[in-house]
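Everything on this sheet refers to the single structure shown next.
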Amino acid sequence: MEMQKHSLGLCHGNFMNFSFLIVSLIFIFLSSSLLLTNDVFFCSSTLSTDPHTVPDAEINHKSVEQNPSIPQPRTRRFDTQLKHVVFGIAASSSLWPQRKHYIKQWWRPRVARAVVWLDKPVRTSRNERLPPIRISRDTSRLHYSNPSGERSALRLSRIVAETVKLKWRDVRWFVMGDDDTIFILENLVNVLAKYDHTQFYYIGSSSESHVRNIRFSYQMAYGGGGFAISYPLAVELEKMQDRCLQRYSALYGSDDRVQACLAEIGVPLTREPGFHQYDVYGNLLGLLAAHPVTPLISLHHLDYVEPIFPGMSRFQAIQRLFQSVTVDASSVLQQSICYDKERHWTISISWGYVVQIIRGMISPRELEMPSRTFLNWYKKADYKSYAFNTRPVAKHPCQTPFIFYLRTARYDKSKKRTVSVYLRQRVRHPACAWKMNSPLSIDTIVVFKKQDPLRWRKSPRRDCCTVLPSKRKTVIYMSVDKCQDDLVLVV
């Protein structure tokens, strides 16, 4: 009996505990419901103070959209135009007589804004199509201790700051380049329009030489290839640059000094592979014919390589390329690949520059790698010293490419398409015992293509090409267009 009463007492105590637990849970549930249904209280007490402290699952997305204090992701492009860009061109008086012709090719008076910074005055003609020239300020008070470099690096590194001090109006971007840098203005503006010019941006690309990138920095934009700095970042750099330069007296060049100062500000390099330093020697064919799927922005070191079109001077060759730039800048050097299955040929088109015909079927994966027609900046370095994959020009003598260089490019208004004509380079080819048609029978290739000025506002994709019927045995007609959704390349 004693045991039975005791048992009943335990049961009664458990029941009371269980009842208390139920009441507590109901109270917690009601409190939570009240809190969740009160949007104003929830947002004001939590989200408005620090939205990053709240887990994503707890944020009321409706209230977030209505709260302007919470930053929203930007999906639109910015309306940057050429008038919003100012160029600072690093030049030398000793090289000015020949280098000024490069600037004449790309600069547009009364459209593009630029300043050429020289070390001393030079003679110019009143009618020359050149930007205004200014003399850089004296840098003798700044320390330079690199044993293999030149003090001119200090002058060139200050071009950003000196250009800012000119107090340009309505500037969004400052773009730096050398006097032997060629810019494709439409493509440059198209790339800069992707970025918010009110934020800190440092945009450019690295060297083609892995050795040079190791020696300097993979985080550095090479000045010869050109780089862009947003206006607010340029203003910030101008405030501290002279003090910063004193801390980096041992560096070699101007572009690594700029990068060192930007690193102190905390701004990393934003890579755009269309800026080309071209730290190479020899023939640029392999690099230009396999240009990455990105807009061509700049070309540099053209004095150190062969003319990009054989049989011409360097300046004449650039003028030839600018025929294509004028017709369709966004498509210049863009590669397309197709196959002539009846003749067992692979055809690679670098629009506005060159067409290559190769015997046999070569995969796109291989063709998009640059062929080694060029040499490394360091002549003792081999093909493993490039900062990208390369391939031999030909694995077999029969697969030596037949090269067709651009002759003319124009826009056909009646048919609303571009027409570019390419002529075969007259050089000797290795003997080939393969029993297939020889491209030696072809003299001319005509390529039809529709303009696509908005191509870089979409996801990057290589164009496709098609071999068209032809009654002329010495001429191939081809069409280049967007790839169809159901297209599958069969090699």
Side-chain angles (χ1 to χ4, degrees), residues 101-102 104-108 111 182-190 274 276 283-299 302 306-338 347-357 401-426 442-456 462-468 470 472 474-482:
H101 296 290
Y102 289 122
K104 290 179 182 179
Q105 183 60 62
W106 64 265
W107 186 66
R108 299 177 191 171
V111 177
I182 300 294
F183 287 104
I184 312 300
L185 298 179
E186 293 85 354
N187 291 344
L188 171 66
V189 172
N190 222 346
H276 295 295
N283 191 342
L284 283 181
L285 172 65
L287 283 169
L288 299 181
H291 192 273
V293 187
T294 193
L296 172 67
I297 300 174
S298 67
L299 302 167
L302 296 177
E306 299 171 9
I308 60 175
F309 290 99
M312 296 183 174
S313 70
R314 290 177 172 85
F315 303 116
Q316 290 173 334
I318 292 299
Q319 288 176 336
R320 175 69 58 84
L321 182 67
F322 266 72
Q323 286 188 28
S324 305
V325 172
T326 303
V327 171
D328 189 358
S330 63
S331 297
V332 170
L333 298 189
Q334 292 308 302
Q335 186 183 30
S336 55
I337 299 168
C338 52
I347 303 177
S348 173
I349 300 174
S350 178
W351 189 87
Y353 174 56
V354 75
V355 178
Q356 299 180 82
I357 299 180
F402 289 76
I403 309 298
F404 297 75
Y405 282 103
L406 176 75
R407 181 65 180 87
T408 61
R410 62 182 178 87
Y411 180 69
D412 187 340
K413 292 183 179 180
S414 61
K415 297 186 178 180
K416 297 182 180 179
R417 65 184 183 183
T418 64
V419 182
S420 49
V421 179
Y422 307 78
L423 303 182
R424 179 166 56 83
Q425 183 184 23
R426 304 291 178 169
I442 306 299
D443 294 326
T444 307
I445 296 177
V446 181
V447 177
F448 305 108
K449 182 185 177 302
K450 292 183 179 180
Q451 292 177 326
D452 187 11
L454 301 179
R455 66 179 300 158
W456 300 116
R462 193 173 55 232
D463 284 330
C464 290
C465 55
T466 305
V467 179
L468 303 174
S470 174
R472 301 174 62 183
T474 61
V475 180
I476 292 180
Y477 294 94
M478 304 190 69
S479 173
V480 172
D481 207 342
K482 302 175 187 176

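One is the number of the first residue; the rest follow in order along the sequence.
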Candidate pair F309 and L321, rule side-chain contact (heavy atoms from CB on, under 4.5 Å), full reasoning:
CA-CA 9 Å; F309 290 99; L321 182 67; 4.1 Å; yes

Cut-off 3.5 Å, side chains only: do Q335 and S348 have a donor facing an acceptor?
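The answer is yes; a qualifying pair exists.
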
Distance check, rounded to the nearest 0.5 Å: [X] atom [atom1] versus [Y] atom [atom2]?
X    : Y    : atom1 : atom2 : answer
S298 : F183 : OG    : CZ    : 5.5 Å
I308 : L333 : CD1   : CG    : 7.5 Å
W106 : I182 : CH2   : CD1   : 8.5 Å
R462 : I337 : CZ    : CD1   : 4.0 Å
L188 : L296 : CG    : CG    : 11.0 Å
L302 : H276 : CG    : NE2   : 11.5 Å

How about [X] and [Y]: do any of their side-chain heavy atoms sit closer than 4.5 Å?
X    : Y    : answer
W107 : L185 : no
T444 : L423 : yes
I349 : D463 : no

Please evaluate residues F448 and V419 with respect to the criterion side-chain contact (heavy atoms from CB on, under 4.5 Å), reporting the C-alpha separation (whole Å), side-chain torsions for both, the decisive distance (0.1 Å), and the verdict.
CA-CA 5 Å; F448 305 108; V419 182; 3.9 Å; yes

If the test is side chain to side chain contact (heavy atoms under 4.5 Å, CB included), which one of I442, L406, V446 qualifies with Y422?
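One option only clears the test, and that one is L406.
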
Is it true that a side-chain atom of [X] and a backbone atom of [Y] form a donor plus acceptor pair closer than 3.5 Å?
X    : Y    : value
Q319 : R314 : no
S470 : V475 : yes
S336 : C465 : no

Is R426 paired with D443 through a side-chain N to carboxylate O contact shorter than 4.0 Å?
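Yes, charged N to carboxylate O under 4.0 Å.
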
Sidechain N-carboxylate O distance under 4.0 Å for R108, E186:
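Salt bridge flag = yes for E186 with R108.
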
Write down the atom of [X], the atom of [Y], and the distance for their closest heavy-atom approach.
X    : Y    : value
T408 : Q323 : CA-OE1, 3.4 Å
W351 : S420 : NE1-OG, 3.6 Å
T294 : Q334 : O-NE2, 2.9 Å
Y411 : K416 : OH-CA, 3.3 Å
I357 : F404 : CD1-CE1, 3.7 Å
N187 : A329 : ND2-O, 3.0 Å

Evaluate V467 against I476 for side-chain contact (heavy atoms from CB on, under 4.5 Å), listing each step before the verdict.
CA-CA 7 Å; V467 179; I476 292 180; 4.2 Å; yes

If you compare the SG positions of C338 and C464, is the separation below 2.5 angstrom?
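Answer is no: C464 does not pair with C338 in a disulfide.
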
If you count every heavy atom of other residues, nucleotides or ligands that lies below 6.0 Å from K104 atom NZ, does the total exceed 12?
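Correct, the count exceeds 12.
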
Please state whether the rings of Y353 and Y405 are parallel, tilted or perpendicular, taking 30° and 60° as the class boundaries.
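Y353 vs Y405 ring planes: perpendicular.
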
Where do Y477 and T466 land on the side-chain contact (heavy atoms from CB on, under 4.5 Å) test, with the steps shown first?
CA-CA 9 Å; Y477 294 94; T466 305; over 6 Å; no

With respect to D328, which candidate in K449, R455, K450 satisfies the side-chain hydrogen bond (donor to acceptor under 3.5 Å, both in side chains) definition?
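Only match with D328 under side-chain hydrogen bond (donor to acceptor under 3.5 Å, both in side chains): K449.
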
